[in-house]
2 protein chains.
Amino acid sequence: MNIGEVSERAGLPPKTIRYYEDIGLVRPLRSDNGYRAFRESDIHKLAFLGRARTLGFSIEDCRTLLGLYEDETRESAQVKSVAKEHLTAIDSKIAQLKSMRKTLSHLVDACQGDHRPDCPILEDLAKGS
Amino acid sequence: MNIGEVSERAGLPPKTIRYYEDIGLVRPLRSDNGYRAFRESDIHKLAFLGRARTLGFSIEDCRTLLGLYEDETRESAQVKSVAKEHLTAIDSKIAQLKSMRKTLSHLVDACQGDHRPDCPILEDLAKGS
DNA sequence: TCTAAGGCTTCCAGTTACAGGAAGCTCAAG
DNA sequence: CTTGAGCTTCCTGTAACTGGAAGCCTTAGA
């Protein structure tokens, strides 16, 4: 199967698929004309990767997860460990964003947003909280 | 004042300060020995930038905000507009992270995390939600 | 006076996960 | 036989820095 169809079926842009091959996440065969020839197993892997990326896992995490997926001797604890660390990272990102959001929304509310130059947002940035 | 002291006073690493000069956010003078010579106004700007970055504004937003800050003829509506757009972006990032968090925490909870290979996390990634 | 340690300089590479675009080969249709 | 779509590789750019190398400047101590 050519990259175009794979792209549709796996839900990933061709550029991304080529990139994943570049970094060794998938290894499609090649046809005589030089085109990539994907097997069902490649598509399966790509879809796996797409879903892992949707959950926010880094490429390196994805590589690890894919390795574990293909390793019959894995222990679920290994998978869980990767996922838990990622969950922690997500939590701290959320906390950071919420903190930004809080400050920023106060400032936005305090700003008149009219034609005059006076602005609490700039004042805050200028002198700190 | 040299970059080291400015770094401490503005709370930004020297590398970052040099970078900000590179991209034209600050324009410190130069001493005869070639060292950067920062004025109080430079430090003030750098601190402003540091706080704007802490609130998650992009460098380009920071450039805009700094420009507005120094523009006596600004209208607060311009500032508010930048801030509101950023707030919206923050909100959608939070929403996205929360969505990831929800799925992922369900999966993590469902995974035994023991020595056996069976893992709901991998199963989910393999076949999608 | 010489030296060694910092601090400063510039410049180049690496990071993350791709996207855009150019130049050129291949294939299917009319 | 030509045209257009699809494929290939390769190079560049993105965001916002960080790390490191090579080398100049300054200052304190032996």
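The figures that follow rest on heavy atoms only: side chains count, while hydrogens, waters and symmetry mates do not. Convention: sequence-line order gives letters A, B, ...; per-chain numbering from 1.
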| When hydrophobic residues are tied together by side-chain contacts of less than 4.5 Å, even through go-betweens, does Ile59(B) share a cluster with Tyr69(B)? | yes

| note | Arg27(B) meets the salt bridge (charged side-chain N to carboxylate O under 4.0 Å, His left out) criterion, sequence neighbours left out, with none

| said: Please report the distance, rounded to the nearest Å, between CG in Asp32(A) and C1' in dC25(C). | reply: 15 Å

| field | Minimum-distance pair of heavy atoms, taken over all atoms of Asp124(B) and Arg51(A) | value | O-NE, 3.9 Å

| query | Measuring from Arg116(B):CZ to Thr73(A):OG1, what's the distance to the nearest 0.5 Å? | reply | 15.5 Å

| query | Reading nucleotides 6-19 of chain D from the 5' end, what letters show protein touch, with B for base, S for backbone sugar-phosphate only, - for no heavy atom under 4.0 Å? | reply | BSBBB-----BBSB

| query | Considering all heavy atoms of both residues, which atom of Phe48(B) and which atom of Leu65(B) are nearest to each other, and what is their separation? | reply | CZ-O, 3.9 Å

| request: Would you please confirm or rule out a distance under 4.0 Å between OP1 or OP2 of dT26(D) and any side-chain N or O of Asn33(B)? | output: yes

